[in-house]
Amino acid sequence: MQSLGDAFSMLGALDHDVMAIAWLSLRVSLSAVLLGSLVAIPLGALLAIVTFPGRPLVVAVVNAFMGLPPVLVGLIVYLLLSRSGPLGALGLLFSPGAMIVAQTVLAIPLLAALTRQIVEDAHRELDEQLRSLRLDVWQRIRVLVFHLRFSLVVAVLAAFGRAISEVGAVLVVGGNIDGYTRTMTTAISLETQKGDLPLAIALGILLIAIVLVVNGTASAMRAYTMRLYP
Amino acid sequence: MQSLGDAFSMLGALDHDVMAIAWLSLRVSLSAVLLGSLVAIPLGALLAIVTFPGRPLVVAVVNAFMGLPPVLVGLIVYLLLSRSGPLGALGLLFSPGAMIVAQTVLAIPLLAALTRQIVEDAHRELDEQLRSLRLDVWQRIRVLVFHLRFSLVVAVLAAFGRAISEVGAVLVVGGNIDGYTRTMTTAISLETQKGDLPLAIALGILLIAIVLVVNGTASAMRAYTMRLYP
Amino acid sequence: SSITVASTTSTEQSGLFGHLLPRFTGRTGIEVRVVALGTGQALDVGRRGDADVVFVHDRAAEEKFVAEGHGVNRVEVMYNDFVIAGPKSDPAKAAGSDILQALQRIAATEQPFISRGDRSGTHAAELRYWQAAGIDIADAGGDWYREIGQGMGPALNMASASNAYVLSDRGTWLSFKNRGELAILVEGDRRLFNQYGVMLVNPEKHPDVQATEGQAFIDWLVSDEGQQAIGDYRIDGQQLFFPNAGATQISQ
Amino acid sequence: MTAGLQIVLRGLCFRPNGRTVLAGLDATITSPGITAIIGPNGAGKSVTLRMIDGLLQPDSGTVRFGPRPPESIRRSFVFQRPGLIRASVARNIALALLPLRLPRAEAERRVATALARVGLADRADDSAQKLSGGEQQRLALARVWVTDPELLLLDEPTASLDPGATEAIECLVHSMAKAGTKIVLVSHNIGQVARLARDVLVLCQGRVVEHGATGQILTMPRTPEARAFLKAEMPWQCFAAAS
Amino acid sequence: MTAGLQIVLRGLCFRPNGRTVLAGLDATITSPGITAIIGPNGAGKSVTLRMIDGLLQPDSGTVRFGPRPPESIRRSFVFQRPGLIRASVARNIALALLPLRLPRAEAERRVATALARVGLADRADDSAQKLSGGEQQRLALARVWVTDPELLLLDEPTASLDPGATEAIECLVHSMAKAGTKIVLVSHNIGQVARLARDVLVLCQGRVVEHGATGQILTMPRTPEARAFLKAEMPWQCFAAAS
Ligand SMILES: Nc1ncnc2c1ncn2[C@@H]1O[C@H](COP(=O)(O)OP(=O)(O)OP(=O)(O)O)[C@@H](O)[C@H]1O
Ligand SMILES: Nc1ncnc2c1ncn2[C@@H]1O[C@H](COP(=O)(O)OP(=O)(O)OP(=O)(O)O)[C@@H](O)[C@H]1O
Ligand SMILES: [Mg+2]
Ligand SMILES: [Mg+2]
């Protein structure tokens, strides 16, 4: 593709706008993953260590929710945040806040399901030890999450990947408003619809570059702290 | 929402079409995950057990590719399969085959990154044992994947969730052609654009129900075979 | 202060809002946030009170919207026109200025035709033209007629990738970059005119609606300054939209 | 107070997947000090200790502590394979103090004391998972001592310790027992059992085949199983017969 | 042929994260039969075995096998903690046969023989991870024997075995050594070392402090470290000094 070069120079020219859009994408998805982690990691760990009659069913449901279609999540969040919906008074619809809410909902099942598996695997070895130390459930969760801090990074990164790459939910609840809720993915979609495929691909590559920087940073931090406890 | 009931009865009336769409979604995503697993699980396991100078970088790149935007993947596959593209001769564009290709590309990084982490965690315990038995790399991979067969199910389910819920890639390469490449997610998108939110949500709930059945089946099979090796 | 306008993808993608809004905001200080959606979805957003102003192009649906009390005071702002784009080689020999004849030829030769199939204003117009041409599209059979259920851009993308005919609004066509072998084959038929209307979401139903600011936007659009700005917008020297506020209704 | 701690096991059965591991095990442990459990591999010693601790529920039968409710007894367990988290040695020991919610300084003081006691003081900040086999077992011992238990369950605590460490640990266990801690010790080291235990249970195939004073059991076992085990003959016959 | 297997360790150093584990370890093992390595916890015995096997690369120094290239020597290793996969006992043993690419029937025959040898024949289809501590160690022993190694490295192979199993394993190890397998045995059981080993290396703080015939070392050690270790005194002094 000869015009990809042009597209990149176009990106360069648009730099102010493009940077703002990239920064919004990053801000929204990082917030969603942070919020999601606070909820889903303890929850996933809890599900890994408790036993109760319906447990396999709950596990299957959490796993299944990894397949929540972003558009559906978008629609449901939309109906909740709509002025005529139950949370309409918050005035969040078509704002970055709404996008954070929608992406948090998408991130939670992925984080919870992956955390559950990773904790469950380690728990098989540590269960009796931790119970014999008379740790209560929350203490055991804290210890297991700490024990697995390096492994859980991958769950967080998977959730971040899902959040920053999805377009269905942010489009519905954010509205792709120029200069306000336009993210990298909605911009890519828009350029694709305009038939400007080189620009769309250039934006896509920029997005992947941003994701690479985030992942590279996470990897480096992980490697640095892991050094001590191989 | 009072009209959701209507929407479901509409689904019931449309049952033939809706069933065909649901079956296409399922067929495409299961094929993509199967193909993706054949490539990505051995690859992820390989990455978990080998050491080489650029390894942390490769890990970061694989992790980052979990955040490949579906639309970008769609566009690239589109350009490859387009009549004027390098693989145009296959005539795959705007066909279910093209959708399988695009979803496979999306599934691979997620499968590989999660497999890498899960294998890496188990490998720490088993590495010396397996090397001392003089197993070669591929034998070690086979043994580790077998050892972790119950844990890797979650990676496969995550990839399935990603594939069946995404809309950006199938839309671009499949084209949402009625009766041919219309999937559940593109149908949901369409109904949303038409402003028929109840029908869109009903379709979304049907999709989630299908995903639940798949996950429930996987869970039950896993639980049944795991019983012997707790 | 800021208002939210629900509009169509074609208007947004043509770049018209990028041209108009800075002028409006410069004059009034009101910031406008445009949510570009399918016409059906745009009206639905208005119906729920999530936008202050709706700016779309499907007269029948707009009038229903007002009649049901969701909107007040529909005013006509501008029109543009539809064109049929198709492969330069024109295997159906559809080129000309008669839309009905063109469709009949496409159907007769069963050349591939891409329909948006998304119940948008453009899709509604297309269905009207088929009906007027005496072709029952539901019965057409064969796989030459493809409903893709997507917006204008994707329909053009697919037509360009598969050398098919497609009905497009001129604005989207002019700003569309991936034309491939496509060219305009049919244009100029008065029946192809496409009227845009704007209306305020009913503040009595939805107290959160910014009625004053929304009305200011509508007033500006139909003011001389707004109409002038619409008429000034061009791509490659071609005018995309023709202001006609206050003019008598354009026959369809 | 703890001198009177009773452990009463009644009809303990455990049959995972249809295999009989415990086949109605009965025992009443009333003596203070150290009670040893010996028996061949797979006899059910570790399973029995787990049931005393409450980590494992029997399929039938009961574990009682005389009149006292099980929750009221501060128990600690040293496993055959200590469970270690991916953290420093000190942090692994501090785990045991979490339930006490001590002030940080007090917790650190206790950890340091325990580490010194097992000769790991200079390893406090090293990765626990990189300790040698014997060092890990010392860590596990330090971990239970910080909590000052009333009942201590030891599953082969000196199996991978060097002779010096074994002797030191035996000293420590002995002094804890003298200070009033009830100790149940599983060991394959008959010499160790002779040195430490006041009474001995001999387990074979999920049953107590003999229970009595150490001297008597080790020198003149009454049952043929106990005799065979102590002459180091039984297990292979046992397994040969089973196969 | 194997009677002449030489193991020559020259200046082995290992300093992970700045800690000195091996401090220039030198040893030449030429005797046939069983060589024991003894020493306090953390002396570097397991690390040395790993280096002989090639699982760990020294930071400096070399491991040689006389004139023979290391790849040509069939080695097997029994770890302090056996690595088990989530599968049946039989399948865990079959792992060791994968590199030989035997026909299935032959592999199954060998697995069955090995299981019978360690008294686990009736456990072939049980989950390996649910075996008792001692049973897991038997499994690990069965696993190395199926491959008929030329050099066998044993890291405390009987630490959690009952006295009968210990005796049986000792017999088996002894007969393998007589049949020509070179065996390097790490053990804290001085009695076992006396019964089995022809020569003994005493390790302390990453160095060989003494190397000689078993009888001589165990009864009249020449160096103060070896003397202290054998009197079961050293380690605690060692650690106390270090702390
Ligand atoms: N959850 C379980 N499922 C199946 N079998 C089990 C389970 N737990 C224990 N067993 C079996 O029960 C038997 C007794 O196990 P236990 O660990 O109590 O033996 P032990 O007397 O401690 O032996 P050792 O001296 O080898 O440690 C073993 O054969 C073991 O395989
Ligand atoms: N990879 C590593 N990183 C850091 N320290 C290590 C590593 N491997 C071993 N060590 C340290 O080296 C020392 C020697 O370990 P090794 O396992 O060889 O001891 P050992 O002689 O086998 O002791 P034991 O009798 O307790 O098994 C230990 O203190 C251990 O903590
Ligand atoms: Mg045991
Ligand atoms: Mg060791």
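First the proteins, then the strands, lettered A, B, ... as listed; each starts at 1. Everything quoted here is computed from the prediction, not taken from an experiment.
- Note on B:S189, B:A163, B:G161, B:G74: by heavy-atom pairs under 4.5 Å with chain A, the leading option is B:G161.
- Proximity to chain B (any heavy atom under 4.5 Å) is shown, for A:N63, by both the backbone and the side chain.
- Between A:L26 and A:F160 the shortest heavy-atom distance is CD1-CZ, 4.0 Å.
- Contact of A:Y78 with chain B is made through the side chain alone, with heavy-atom distances under 4.5 Å.
- Taking chain A as the reference chain and counting heavy-atom pairs below 4.5 Å, the highest number among B:A60, B:S151, B:S219 is found for B:S151.
- Rounded to the nearest 0.5 Å, atoms CZ (A:R131) and NE2 (A:H123) are 7.0 Å apart.
- Residue B:F65 holds its CZ atom at 6.0 Å from CG of A:L212, rounded to the nearest 0.5 Å.
- Counting heavy-atom pairs closer than 4.5 Å to chain A, the top-ranked of the candidates B:V154, B:V211, B:V213 is B:V154.
- Taking the charged nitrogens against the carboxylate oxygens, B:R55 and B:E120 do have a contact shorter than 4.0 Å, which makes a salt bridge.
- No donor-acceptor pair under 3.5 Å is formed between the side chain of A:T186 and the backbone N or O of A:R182.
- Interface remark: B:I208 contributes side-chain atoms only to the contact with chain A (heavy atom separation under 4.5 Å).
- Ranked by heavy-atom pairs under 4.5 Å with chain B, the first of A:G216, A:P70, A:S29 is A:P70.
- B:M221 CE: 12 or fewer foreign heavy atoms inside a 6.0 Å radius.
- Contacts of residues 104-114 of chain B with chain A at a heavy-atom distance below 4.5 Å involve B:L110, B:A113, B:L114, listed in sequence order.
- Each of A:V61, A:L68, A:I188, A:I118 has some count of heavy-atom pairs under 4.5 Å with chain B, and the biggest count is that of A:L68.
- Heavy atoms of A:T192 lying under 4.5 Å from chain B belong exclusively to its side chain.
- The candidate from A:L75, A:I76, A:V73 with the greatest count of non-hydrogen atom pairs under 4.5 Å with chain B is A:L75.
- Taking CG of B:L130 as the start and NE2 of B:H147 as the end, the distance is 9.0 Å to the nearest 0.5 Å.
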* When you look at A:R124 and A:D127, which way does the salt bridge (Lys or Arg N to Asp or Glu O under 4.0 Å) test go after all the steps? -> CA-CA 6 Å; A:R124 219 173 304 116; A:D127 177 28; over 6 Å; no
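- Note that the CG atom of A:L152 and the CG atom of A:L144 stand 9.5 Å from one another [nearest 0.5 Å].
- Note: B:L92 CG to B:I100 CD1 = 9.0 Å, rounded to the nearest 0.5 Å.
- Heavy atoms of B:A158 lying under 4.5 Å from chain A belong to its backbone as well as its side chain.
- With a 4.5 Å cut-off on non-hydrogen atoms, A:L207 touches chain B through its side chain but not through its backbone.
- B:S165 and A:R162 form a side-chain donor-acceptor contact under 3.5 Å, judged by distance and modelled atom types alone.
- Proximity to chain A (any heavy atom under 4.5 Å) is restricted, for B:V167, to the side chain, taken from C-beta onward.
- By the 6.0 Å and 45° rule, B:R227 stacks over the aromatic ring of B:Y224.
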